[in-house]
Amino acid sequence: TVHDNAVARYAKKEPRKHTINQLIQFGKQLNEQKLIQSARFVHQELPVRLAHRIIDLRSLPYYVVCGPIKRIYDVYVEAFESVRNFRKIQDLQDEKEFTVLLKHLVDESANVVELLAHGLRLALLRASQREHLDLDSFVDQMLISRIGRRMIAEQHVMLHESRPGFVGVINTDCSPQQCLNIAYQECSRICFRQYGVEVPVQIRGSVSTIPYIPYHLHYILLELLKNAMRAVVERHFTQNNHKNSLLLGKDSMPPIEVLLTEGPKQVTIRISDQGGGISLDILPSIFRYGFSTMNRLREEEQGGEWDRLVQRQSVDGPMAGLGFGLPLSKLYAQYFGGNLQLISMDGYGTDVYVHLDRTGDVLEGVEI
Ligand code: W6P
């Protein structure tokens, strides 16, 4: 098509990466010139990052890029064109209109993760007869890139709003403790709605605040707490009989223990549940896309394979998603130099370690 040259041209450039501290430095004491400069950066940068993904999508087999993934491709091409064709940003009026476009693009692409999950499921179904298909690193790259694009777009949009403690979407004094409490409250509500019980959480230790994007941390902690609570509830109802369990109070569930620690460079959050751990045959798959622990019990019943599990996604309640929660949480943790590790103690429970950089000096992105 007519865009091919433009895509190739932009894809020759490498993305320009920033650290959290650079974004904070740039975004504070904002004036008109800096706002225009910020818009110009996004104007140049988004097409570069999109072009790389467009090329990636084109390199996939035909039967993968149809349905939901073709839809993603179309959304990306449209975003690429609309940003690239936007006039040179010269004054505040240009900047204002460009910001409206950015908001629009962020909203438009809200369902990309869902499309990716459905597309992956379809692709794996189609591929099973033909060839061995491993799309994990492709999906990783799609999601890492999406985290980055959304961050730079939302950062620019949010520079217009001044909130205490924030520079754009970055909280210069993000409290892991507070974030944990908020995620815990939300998770308790979800858990109670789904199962009619609550799982107690005990929090120990305290840490300093860090420069961070609260949304990223909230996503990670909510996801991990949901997994932990689900494991504890399922184990509880499996071990005890249902009638008895209903008579027992909240304290009969073994608590999830959270420990917050810090060193010179990192904050670490360890979340320990006594949900029985993760069965050894599925442990190697838990960071794979499309694998959902919601299917754990059913798999044990049926002795199924991961390939067959991916066929049964997306009908789960709010405690389980499309099998993207855990791997996506890991990418969020890694995006600014942190990490996420999981240790299962077979038959007992699971420990998850979330490491977060506290210096703010690590470049965005994840090497895969
Ligand atoms: C489990 C499975 C899991 C995944 C992520 C976090 C905690 C847990 N606990 O049993």
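Start at 1 and go down the list; that is how both ligands and their atoms are numbered. All values reported here derive from a predicted model rather than from experimental measurement.
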V352 heavy atoms within 4.0 Å reach ligand 1 at atoms 6 (C), 7 (C)

Note: I286, heavy atoms under 4.0 Å from ligand 1, region reported as neither

A student checking ligand 1 against A231 at a 4.0 Å heavy-atom cut-off should list atoms 1 (C), 9 (N), 10 (O)

Atoms of ligand 1 under 4.0 Å from any heavy atom of D273, numbered from 1 in the order shown, are 1 (C), 7 (C), 8 (C), 9 (N)

Relative to each other, are the rings of H43 and F86 parallel, tilted or perpendicular (30° and 60° limits)? perpendicular

Restricting to heavy atoms, the pick from L326, L224, L340, N227 nearest atom 3 (C) of ligand 1 would be N227

Is any NZ, NE, NH1 or NH2 atom of the basic residue among D56 and R53 found under 4.0 Å from an Asp or Glu carboxylate oxygen of the other? yes

Requested in this report: Check the pair E95, H156 against side chain to side chain donor-acceptor pair (under 3.5 Å), reporting the backbone distance first and the verdict last.
Outcome: CA-CA 10 Å; E95 187 280 328; H156 179 75; 2.7 Å; yes

query = Is R189 positioned over the aromatic face of F192, cation under 6.0 angstrom from the ring centre and no more than 45 degrees off axis?
reply = no

**Report entry** Lys/Arg cation over aromatic Y332: K330, 6.0 Å, 45° cone
**Finding:** no

